[in-house]
Number of protein chains: 2
Amino acid sequence: MGGLLGLRKVKVKKPERLAMLAAQLKAEGVLHLKQAAERLGVSEMTVRRDLAAAPDTFHYLGGYILAPQTERDGLYRLDKENDEHAEAKDAACRRVAALIAPGDTIFLDCGTTTPHLIAYLPTEVPLTVVCYSLNIANRLAQRPNIRMILLGGLFHPAAQTFSGDEAIHAMEHLRINHAILSAGGVHDQQGVTCSNFNEVPIKQIAMQRALRKTLVIDSSKLRTVRPAFFAKISQFDEIVTENGLLPRASHQGA
Amino acid sequence: MGGLLGLRKVKVKKPERLAMLAAQLKAEGVLHLKQAAERLGVSEMTVRRDLAAAPDTFHYLGGYILAPQTERDGLYRLDKENDEHAEAKDAACRRVAALIAPGDTIFLDCGTTTPHLIAYLPTEVPLTVVCYSLNIANRLAQRPNIRMILLGGLFHPAAQTFSGDEAIHAMEHLRINHAILSAGGVHDQQGVTCSNFNEVPIKQIAMQRALRKTLVIDSSKLRTVRPAFFAKISQFDEIVTENGLLPRASHQGA
DNA sequence: TCCCATCTGTGACAATCTTCACAGAATATG
DNA sequence: CATATTCTGTGAAGATTGTCACAGATGGGA
C-alpha cells in the first residue's frame with residue numbers, strides 16, 4: 001500500500017460485508033454499486049462477487065442494490081418458470097384486450113398466457129371477470145374497478161387452479177359474454193388441447209355458456225398437441241396470436 | 001396487415017400508457033425498459049419520456065422500472081396495516097395449532113389473525129383446509145401436503161374474501177371437523193361480532209356444520225363490539241387468546 | 001386544406017455496467 | 001517457513017444504458 005505509514009486498512013471479511021450491506025439497505029432502501037464499494041472499503045468487483053454469493057439476500061438491478069423484498073414469494077411462480085414466449089403471449093393478449101366490450105362478463109382461463117391480459121383490461125368501464133386460477137385471481141385483485149368472481153373448489157398446486165363440481169355448478173348461474181381461453185396445443189386435426197385433464201370440464205362449460213369464444217395463444221402452440229382435448233378449432237369465434245387473428249381458413253379444420 | 005383479418009392497430013396515448021405501466025408493475029413489481037417499450041408498443045425513448053413526465057409515479061433505476069414500494073406487496077396489505085397485535089395473534093394461533101388433529105378437515109376463517117395459524121399447520125399428516133379468503137389461500141398454496149378448498153364467489157377487495165350463494169352451497173357438501181374462526185369483537189352481552197356483513201352467512205354455516213368450533217383472537221378483542229353479529233360466545237367449544245383458553249365461565253354469557 | 005404545436009422514432013455519441021482473465025495479497029495448512 | 005488455497009484488485013473488451021438533436025408523424029384549430 002504505497003508505504004503510507006499509519007494509514008491503517010480496516011479489513012472486513014465477506015460475512016461482515018454482507019451484514020453491513022444489509023444494514024445500509026435497511027436504512028436507505030437502495031444503494032449504488034459504487035457507493036457500496038466505497039462504504040465497504042473494497043472494490044466494485046468484490047461487491048459484485050459478494051452479491052453473487054448471496055443471490056437470495058439482495059436484489060440487484062442495473063448497478064443498484066435493492067433491499068430485499070419482504071415476501072413476494074410464490075405468487076407469480078408459474079410465469080417466471082415458463083415465460084419462454086412471454087413476449088409473444090403479451091402481444092397476443094394486447095390484441096385480445098381490444099376485443100373486450102364495456103360491461104362484459106368475461107371468463108378468463110388459467111395458464112401462463114392469460115395473466116398477461118390482465119394488465120390490459122380496461123378499468124374505466126364496468127367489467128366482470130370470472131376465473132378459476134389463484135394466479136389470475138391475485139392479479140385481478142390488484143386492479144381497481146374489476147368485479148372478480150372466482151370459481152372455487154379443490155386447489156391443484158401444479159396448475160394453481162381450482163376445480164370441482166361446485167365451480168361448474170356455479171357457472172350455470174352466470175351469464176358469460178365472452179370466454180377468453182388459452183391452450184397448450186392447437187392442431188388442425190387434433191383440435192385444441194391442454195395439459196391438465198382437470199381443466200377440461202370447466203373450459204367446456206365456459207365455452208358452452210359464452211356468447212363469444214376467443215382463443216389466445218402464442219404462435220408456438222400452433223400445430224402442437226397436448227394430452228387433454230377440450231374443443232374443436234371451429235368452436236372459437238377467433239384465434240388470436242401475437243401476429244394477429246388466425247386466418248379464418250384454419251377454423252374449418254378439426 | 002398481411003391479410004390477417006381484423007388486425008387493428010391499437011394506438012395508445014400517454015395517460016393510457018402510464019396506466020398500463022402502473023398495472024404491469026403492480027402485477028410484476030419490476031419491468032425492464034425494453035420490455036415496457038415492447039408491451040406498450042412504443043420505443044424505449046418514449047417510455048423514458050413518459051417516466052420523466054411522471055417522476056413520482058415510478059422508480060427508475062439503471063434500466064429497470066420499479067413499482068413504488070407500497071404497491072409492490074399488495075398481497076399482504078391487510079396484515080401490514082393491522083398488525084398491531086401481531087405477536088399476540090401469532091401466540092394465540094400457536095396454541096390453536098396444538099388442537100388440530102391428523103386428518104382433520106378444517107374451516108379457516110379470514111381476517112388478520114388466522115393467517116398466523118398457517119405457519120403452524122402440520123404438514124406431515126393429512127390435512128384439508130377450507131377457506132374463503134384470497135390472503136389465506138395464497139399462504140396455504142405455499143405449504144406442501146395441505147389439501148386446500150377455496151369457497152369461491154364474488155371478491156370483496158376490502159376484506160380480500162369471496163362470498164356468494166355458491167360458496168355457501170358448496171359448504172353443504174363438506175364435512176368439517178373443526179371450524180377455526182376469528183372475530184373483531186367478543187362481548188359478554190353482544191356476543192361475537194365482525195366488521196363485514198358479507199362474512200356472516202359463511203361463518204354461520206361453517207359453525208353449523210363443524211363438529212368443533214374454536215374462536216381465536218388476541219385479547220384486545222375482548223369486551224369490544226363490531227357491527228356484524230355472527231355467533232354467541234356459548235356456541236364455541238373454546239376461545240383461545242395469546243394467554244391461553246378463556247376461562248369457561250365466560251362461555252355462559254351471551 | 002393548411003399551419004402550428006406536440007408527440008414520437010432514429011441514430012450518434014458518451015457514460016455506465018458486465019464479464020473475464022490474470023496477477024498480487026491474504027489466509028490457511030502442514 | 002513453504003506451499004496451497006482462497007480472496008481481492010485491475011484493466012480491457014463488449015454490451016447496455018443515458019442523452020441529445022433532428023426529422024417525421026400526429027392531432028387539433030383556423
Side-chain angles (χ1 to χ4, degrees), chain A residues 1-25 28-69 83 86-87 90-91 94-95 97-98 119-120 124 242, chain B residues 1 7-22 24-25 28-68:
Chain A
M1 277 288 109
L4 287 175
L5 305 176
L7 213 173
R8 180 191 340 167
K9 185 125 188 206
V10 185
K11 273 292 163 186
V12 193
K13 280 179 225 158
K14 184 151 77 184
E16 209 171 334
R17 286 198 306 261
L18 288 174
M20 288 169 71
L21 267 184
Q24 300 257 339
L25 284 173
E28 311 199 12
V30 194
L31 214 51
H32 195 271
L33 182 66
K34 192 185 287 180
Q35 294 178 323
E38 283 176 10
R39 298 196 191 178
L40 298 180
V42 296
S43 70
E44 297 183 21
M45 192 67 230
T46 299
V47 178
R48 278 178 200 282
R49 285 194 268 239
D50 285 355
L51 294 174
D56 298 328
T57 315
F58 305 98
H59 288 245
Y60 184 73
L61 285 181
Y64 294 84
I65 309 166
L66 303 181
Q69 221 153 336
D83 68 348
E87 289 171 22
D90 201 83
R94 221 176 311 143
R95 292 176 187 279
Y120 302 118
E124 315 78 33
E242 71 272 24
Chain B
M1 303 268 152
L7 216 173
R8 169 185 345 173
K9 182 150 186 193
V10 188
K11 265 294 163 187
V12 194
K13 279 179 225 158
K14 185 151 76 182
E16 208 170 335
R17 284 199 306 261
L18 289 174
M20 288 167 72
L21 266 184
Q24 300 254 342
L25 285 173
E28 312 202 9
V30 194
L31 214 51
H32 191 101
L33 181 66
K34 191 184 287 180
Q35 293 179 323
E38 283 175 11
R39 297 196 188 179
L40 298 180
V42 296
S43 70
E44 297 183 21
M45 191 67 230
T46 299
V47 177
R48 280 177 199 283
R49 285 194 269 239
D50 285 353
L51 293 174
D56 297 328
T57 314
F58 306 98
H59 289 245
Y60 184 74
L61 284 181
Y64 295 84
I65 311 167
L66 304 181

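We name chains A, B, ... by the order of the sequence lines, and we start the count at 1 in each one.
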Could you state the atom-to-atom distance from [atom1] of [X] to [atom2] of [N] in whole Å?
{"X": "D50(A)", "N": "dC7(D)", "atom1": "CG", "atom2": "P", "answer": "10 Å"}
{"X": "Q35(A)", "N": "dT16(C)", "atom1": "CD", "atom2": "P", "answer": "13 Å"}
{"X": "K34(A)", "N": "dC17(C)", "atom1": "NZ", "atom2": "C1'", "answer": "11 Å"}
{"X": "I65(B)", "N": "dG18(D)", "atom1": "CD1", "atom2": "C1'", "answer": "14 Å"}

S43(B) side chain, from C-beta outward: closest of dT10(D), dT17(D), dT10(C): dT10(C)
Work out which heavy atom in R17(A) is nearest to a heavy atom in V42(A); give both atom names and the distance. CD-CG1, 3.9 Å
Identify the heavy atoms of A37(A) and S43(A) that sit nearest to each other, and give their distance. CB-C, 3.8 Å
Excluding sequence neighbours, so at least two apart, what forms side-chain contact (heavy atoms from CB on, under 4.5 Å) with A36(B)? L21(B), L31(B), V47(B), I65(B)
Qualifying ring-ring contact (aromatic ring centres under 6.0 Å, His included) pairs, either residue in residues 29-55 of chain A, two or more places apart: H32(A)-Y64(A)
Summary of ring-ring contact (aromatic ring centres under 6.0 Å, His included) pairs that have at least one residue in residues 36-55 of chain A, sequence neighbours excluded: none
Side chains of D50(B) and F58(B): does their closest heavy-atom pair fall under 4.5 Å? no
State, yes or no, whether a side-chain contact exists between T46(B) and L40(B) at a heavy-atom distance under 4.5 Å. no
Terminal axes of the helix from dT1(C)-dA30(D) to dG30(C)-dC1(D) (five pairs each): angle between them, nearest 10 degrees: 30°
Provide the full list of salt bridge (Lys or Arg N to Asp or Glu O under 4.0 Å) pairs with a residue in residues 30-46 of chain B, sequence neighbours left out, each pair given once. D90(A)-R39(B), E28(B)-R39(B)
So, OP1 or OP2 of dT17(D): does either fall under 4.0 Å of a side-chain N or O from H32(B)? yes
Detail all sub-3.5 Å separations between protein N/O atoms and N/O atoms belonging to nucleotides 18-23 of chain C.
residue : atom : partner : partner atom : Å
dT18(C) : OP2  : R48(A)  : NH1          : 2.9
dT18(C) : OP2  : R48(A)  : NH2          : 3.4
dT18(C) : OP2  : Y60(A)  : OH           : 2.5

